[in-house]
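These notes are about the structure you will find just below.
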Amino acid sequence: MIKIINKKLLNKIYRQIKNYKTIVILRHVGADPDAICSSFALRDSIKLTFPDKNVYAGGVGVAKFKKYGNLDKIDYEKINDCLLIVLDVPNMSRIDGIDNLKYKEILKIDHHPKLDISASVEWVDENKSSTCQMVCELILNTKLKLDKSIASNLFLGIVSDSERFSLKNTTVETFETVINLLKVSNIDFTSLYEKLYSRPFTEYKFIAYITNNLIIDKNHFGYIKISDDVLKEYKVDVATPSNLINNYNFIDDLLVWCFITEDIKNNQYKISIRSRGPIINEIASRYNGGGHKYASGAKIKEMQDVDNLINELSKACLNYENKEN
Ligand code: AMP
């Protein structure tokens with residue numbers, strides 16, 4: 001069996017879930033496969049284990065993630081005193097769908113650095129590859145049940161957030177968890193990759209656009225400002241650049257890179273940042289953002305602040321290189 005650091009905590013989480021008749025599961029705004037798949041997997045596992053419970057996975061729907069499952073319509077008027085489970089999100093302001101929800105307690109499971117959510121039971125571990133890895137460990141080590149569809153979502157969330165086991169957040173424990181998941185569920189995992197990676201040809205042309213227009217400065221910092229017109233030209237949405245930014249993980253000339261995407265609907269710039277050395281989440285947090293040490297994001301209103309961020313990230317590269325050499 002996998003080596004579990006805190007079996008007691010997992011049992012405590014299981015007991016808390018068991019105690020509630022109504023459970024709402026929410027994750028971060030701007031959902032990604034880890035957030036989506038962890039909430040569907042945990043919802044479906046709780047429903048499978050306790051068929052009499054009312055369990056809902058909420059948040060704003062994303063059309064391209066429909067292939068992982070369906071979100072639930074939550075009647076906020078009718079729900080009282082539920083257990084709110086928050087997955088893959090460290091701060092209250094980024095919980096998608098929490099407004100007007102009447103909950104009694106919060107259970108939190110997350111792999112981001114801890115911020116302002118205070119939960120009665122919480123499992124926060126920055127060393128986990130993904131929230132899906134944590135939900136998987138929870139299910140495999142308690143009486144929560146698993147079926148093939150739940151296992152498939154967990155596998156996809158882990159693969160996606162670890163970028164196919166290539167990012168620094170991948171550990172021996174990640175592989176152990178996945179091996180156990182595959183052994184127990186017997187899913188046909190190679191056929192699942194298509195769900196994560198198949199995309200229209202226009203998106204490949206958009207990747208070429210980014211590659212051709214990425215500016216790389218002398219400090220090995222790369223950035224691109226992507227206008228709404230360009231998004232329209234390539235028929236991609238404002239979230240697409242964030243989904244593509246890991247494609248640039250293994251480029252020798254890049255230490256930190258940042259995609260700045262115009263989001264006209266919200267009158268702001270959506271920022272995605274990745275790093276192969278300097279810690280970037282502290283910088284992102286000064287620009288209405290945050291995230292992991294080497295994978296962060298932000299939302300910025302003014303172009304002047306975008307330019308300040310660009311300067312700070314470039315300086316971080318310079319300082320890092322000076323320290324390393
Ligand atoms: P992304 O580049 O959108 O994939 O985001 C990378 C990481 O940064 C994820 O862990 C996000 O949850 C986090 N993140 C993205 N945008 C923000 C933001 N505006 N505020 C805080 N964290 C963010």
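Numbers here simply count residues along the sequence, with the first being 1. Note that ligands are numbered from 1 as they come in the structure, with each ligand's atoms numbered from 1 the same way.
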Which ligand 1 atoms are under 4.0 Å away from a heavy-atom of His292? 10 (O)
Below 4.0 Å, non-hydrogen atoms only: which portion of Val89 touches ligand 1? Side chain, backbone, both or neither. neither
What's the verdict on side chain to side chain donor-acceptor pair (under 3.5 Å) for Ser152 and Ser149, showing C-alpha distance, side-chain angles and the deciding distance? CA-CA 5 Å; Ser152 300; Ser149 144; over 6 Å; no
Let's go through Asn219 and Ser314 carefully: what are the C-alpha distance in whole Å and the side-chain angles of both, what is the deciding distance for side chain to side chain donor-acceptor pair (under 3.5 Å) to 0.1 Å, and is it a yes or a no? CA-CA 6 Å; Asn219 299 331; Ser314 179; 2.9 Å; yes
Is it true that a side-chain atom of Asn281 and a backbone atom of Gly291 form a donor plus acceptor pair closer than 3.5 Å? yes
Pick whichever of His112, Arg94, Lys299, Lys270 has a heavy atom sitting closest to atom 3 (O) of ligand 1. Lys270
Is Ala298 near ligand 1, meaning one of its heavy atoms is under 4.0 Å from it? yes
Among non-hydrogen protein atoms, atom 8 (O) of ligand 1 lies closest to Gly297 N, 3.2 Å
Within 45 degrees of the ring normal and closer than 6.0 Å to the centroid, is that where the cationic atom of Arg164 sits relative to Tyr197? yes
Among all protein non-hydrogen atoms, which one is nearest to atom 21 (C) of ligand 1, and what is the separation to 0.1 Å? Gly290 N, 3.2 Å
With a heavy-atom distance limit of 4.0 Å, tell me whether Ala295 approaches ligand 1 through its side chain, its backbone, both, or neither. backbone
Test salt bridge (charged side-chain N to carboxylate O under 4.0 Å, His left out) on Glu312 and Arg286 and set out the steps. CA-CA 10 Å; Glu312 275 206 55; Arg286 293 198 280 277; 2.6 Å; yes
May I ask you to list the atoms of ligand 1 that are less than 4.0 angstrom from any heavy atom of Gly291? 8 (O), 13 (C), 22 (N)
I'd like to know whether Asn322 forms a side chain to side chain donor-acceptor pair (under 3.5 Å) with Asn319, so could you lay out the CA-CA distance, the side-chain angles of the two residues, the decisive distance to 0.1 Å, and finally the verdict. CA-CA 5 Å; Asn322 285 344; Asn319 293 341; 4.8 Å; no
Tell me: protein heavy atom nearest atom 19 (N) of ligand 1, and distance? Asn288 O, 3.4 Å
Check this for me: Lys104, atom NZ, are more than 12 non-hydrogen atoms of other residues, nucleotides or ligands nearer than 6.0 Å? no
Starting from atom 2 (O) of ligand 1, which protein heavy atom do you reach first, and at what distance in Å? Ser272 OG, 2.5 Å
Please report whether ligand 1 has a polar contact with Arg274, defined as an N or O pair separated by less than 3.5 Å (distance criterion only). yes
Test item: Lys270 side-chain N/O and Thr261 main-chain N/O as donor-acceptor pair under 3.5 Å: no
